Amino acid sequence: MKKYLLFDLDGTLTDPKLGITTCVQYALKSFGIEEPDLDKLEPFIGPPLKDSFMNFYDMSEEQAEEAIAKYRERFQDIGLFENQIYEGVPEMLRTLQSKGLFLAVASSKPTVFVERILEHFQIRKYFKVVVGSELDGTRVNKDEVVQEALNRLFGDAPIEKKQVYMIGDRKFDVEGAKAMEIESVAVTYGYGSMEELKAAKADYIVRSVEELQSFLLRGTEEKEQKKVSGFQRIWVMLYAFLMFILVRSLVEYSLSLLMFYLADHMPGLLPEFLCFKDATGKITLTGNAMTIMSAIGFIVGTIPNLSTAKLLIAKSAEDMRLSHLKKEPARNYLLLGMATVGAVIGLNLLLALTGLTNESTAYQNVVADQYSAHFLVGIICFGLITPIAEEILFRGIFFNYLKRFTKLKVAVIVSAFFFGAYHMNSVQGIYALLMGCLMAYAYEYFGDFKIPVLIHCMSNVLAYCLFYTSISMSGFLSWPVCIVFLVIAIVALLLLRKQKRVF
């Protein structure tokens, strides 16, 4: 949420079509030009009148000045009030002001007319500053209007450009904002088309007054205050977790019994890729079989939670949509990739260098199981299937559900804590806790559930390759290398935070 809001008038706060077009029609008639279709005069709404008369009717500068005089002849007494305020605007302005925001009007219309219109609709009281053009033809360009509005808003204090939005319906509002290096919010309910606003590269585009209010107030919404007990809130997550573990374990156990039965009663049916008998007749399942059964267990274990996850992911996407109207630049995705690679390699090396990986028997057993399978089998299971299933549970359900009742920071940390505890050993627990924070943060930063899934897949594949190829046992395993990758991760995250603060 930004503190300073500059509003255009025509097409943003009020609908001036009838007043402007009939006055333009009146001015054109004085030049012998008959234009009965008022819709054709809509392009006059927004840009400076002088430019419009010259561009649309090939008038000279002197003729345009005469046309403006005729226009104002009718506008000052009649056209001024052939206007109507958009539904919901007074309520929006009142709400914005009540939140402590500073509002201003920055219009290309002459200030004297802007003031009269605002007073007519009884909304002048909401604006700290009102700036328009001058009747003598000065300060008509939008960048000049925006500059003057900023000067008056901030006075002698430094202008906080990162705390300002320019809100308007035409490309001129967007261009004026860009010239002053502030972000623009374009509205499509006015007179600028979606194509025009996209071509002007508006930072954000909203479709209604209601959506504009929600966008400007995002981050101030109250958390859901449903009468739900703490136990009920915990039970939603606990139920999802228990169903996942129960179904997954049941599937793996059933598949294990089936394989032993087939190997014992139908010898030769199962390839040695999955199981074999030794000289004593003892049946042993291979690492490939264990990994494949685990993958199937993850898939089936996720099914009972899909409907809940789908609902929470969709609700979260809708809640975050207004915060992500502006497309993230490619550099931010690059920074996230650097942060992920740096964190994966740096943390794995750190855990190995500190000796934690060797001290944890539980971790050593997990590693032995995971890396006993064929490389491609392991990559598919642990680099693709497992991450998707775990993200559906921990970010899709846990994180999305927690942030509906708690602060975002708390939701990030608590969901990551559960993710770490789920691994049941100290080494993976620490690693999963930190990576879980990164995945939840990235989810909120980019507003797309695919992002934590991609990070999880990417980190698992990278870690799997790192240890499967034993690269960590070479000279790569050293403190300088560890520190370099951790620094890369930290710097990338700091640069992301500099671009946009999530909390």
Side-chain angles (χ1 to χ4, degrees), residues 229-253 294-295 297-302 304-305 308-309 312-313 316 340 343-344 346-348 350-352 354-370 381-383 385-444 449 452-453 455-457 459-460 463-464 467:
S229 68
F231 174 77
Q232 288 175 306
R233 294 177 182 179
I234 294 173
W235 175 245
V236 170
M237 297 181 290
L238 184 61
Y239 176 80
F241 180 76
L242 290 176
M243 285 299 296
F244 174 73
I245 296 298
L246 179 63
V247 174
R248 174 187 154 195
S249 300
L250 184 60
V251 168
E252 290 181 14
Y253 181 71
S294 175
F298 271 96
I299 293 171
V300 180
T302 301
N305 292 326
T308 301
L312 287 170
I313 291 169
S316 181
T340 301
V344 171
L347 290 175
N348 274 289
L350 180 64
L351 292 168
T354 54
L356 291 176
T357 55
N358 293 327
E359 293 175 3
S360 174
T361 303
Y363 172 73
Q364 293 295 334
N365 291 335
V366 170
V367 170
D369 289 339
Q370 288 187 349
C381 177
F382 302 115
I385 296 173
T386 298
I388 294 174
E390 290 178 347
E391 284 310 298
I392 288 173
L393 178 63
F394 290 102
R395 254 59 63 183
I397 296 178
F398 276 46
F399 174 63
N400 280 330
Y401 187 72
L402 279 166
K403 71 178 185 178
R404 306 203 67 77
F405 299 101
T406 64
K407 292 183 178 179
L408 184 58
K409 283 184 180 179
V410 176
V412 169
I413 294 171
V414 172
S415 62
F417 173 80
F418 280 117
F419 183 48
Y422 149 82
H423 286 83
M424 300 296 288
N425 67 79
S426 60
V427 176
Q428 285 185 304
I430 294 171
Y431 178 75
L433 170 64
L434 296 174
M435 292 303 297
C437 288
L438 174 60
M439 288 182 276
Y441 174 78
Y443 183 9
E444 197 69 20
F449 181 67
V453 173
I455 292 176
H456 202 153
C457 290
S459 61
N460 277 26
Y464 196 82
F467 285 94

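Fair warning: this is a prediction, and the values are worked out from it, not measured in the lab. Sequential numbering from 1 along the given sequence is applied to the chain's residues. These numbers come from the heavy atoms of this one structure, side chains and all, not from hydrogens, waters or symmetry mates.
Looking at Glu390 and Phe298, their side chains come closer than 4.5 Å, going by heavy atoms from C-beta outward. Taking the side chain as every heavy atom from C-beta outward, Val412 and Lys403 never approach each other to under 4.5 Å. Counting only heavy atoms from C-beta outward, the side chains of Val344 and Met435 approach each other to under 4.5 Å. A 4.5 Å side-chain heavy-atom check between Ile397 and Phe241 finds every atom pair outside the cut-off. Two residues are said to be in side-chain contact when any heavy atoms from C-beta on lie closer than 4.5 Å; Phe399 and Leu408 meet this criterion. At a threshold of 4.5 Å between non-hydrogen side-chain atoms, the residues Leu402 and Met237 count as touching. In this structure, Thr302 and Leu393 have side chains that are not in contact, with every pair of non-hydrogen atoms separated by 4.5 Å or more. In this structure, the side chains of Leu356 and Ile430 come closer than 4.5 Å at one or more pairs of heavy atoms.
Taken from CD1 in Ile413 to OH in Tyr441, the straight-line distance is 13.5 Å, to the nearest 0.5 Å. How far CE of Met439 is from CG of Leu434: 10.0 Å, rounded to the nearest 0.5 Å. Atoms CD1 and CZ, from Ile392 and Phe244 in turn, are 9.0 Å apart once rounded to the nearest 0.5 Å. Distance check, rounded to the nearest 0.5 Å: CG of Leu238 to CZ of Phe398 gives 7.5 Å. One distance of note links CG of Leu351 with CG of Asn358; it measures 11.0 Å at 0.5 Å rounding. Atom CG of residue Leu433 and atom OG of residue Ser426 lie 12.5 Å apart, to the nearest 0.5 angstrom.
Ile388 and Cys457 make their closest contact through CG1-SG, 4.4 Å (heavy atoms, listed as atom of the first residue, atom of the second, distance). In terms of heavy atoms, Ala432 sits closest to Phe419 at O-CD2, 3.2 Å. Between Pro304 and Met243, the closest heavy-atom pair is CB-CE, 3.8 Å. Across all their heavy atoms, Arg404 and Leu312 have their closest contact at CD-CD2, 4.3 Å. Of all heavy-atom pairs spanning Ala343 and Leu438, the tightest one is CB-CD2, 4.4 Å. Residues Arg395 and Pro452 come closest through the heavy atom pair CG-CB, 4.3 Å.
For Asn460, the side-chain contact (heavy atoms from CB on, under 4.5 Å) partners two or more places apart in sequence, or in a different chain, are Pro387, His456.
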(message) Working note: Ser459 + Tyr431, criterion side-chain contact (heavy atoms from CB on, under 4.5 Å); need CA distance, chi angles, decisive distance, verdict.
(response) CA-CA 11 Å; Ser459 61; Tyr431 178 75; 4.0 Å; yes

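No side-chain donor-acceptor contact under 3.5 Å links Glu391 to the backbone of Gly396.
Annotation: Tyr422 is in aromatic contact with Phe394 [ring centroid separation under 6.0 Å].
In this model, a donor atom of one side chain and an acceptor atom of the other lie less than 3.5 Å apart for Asn400 and Ser316.
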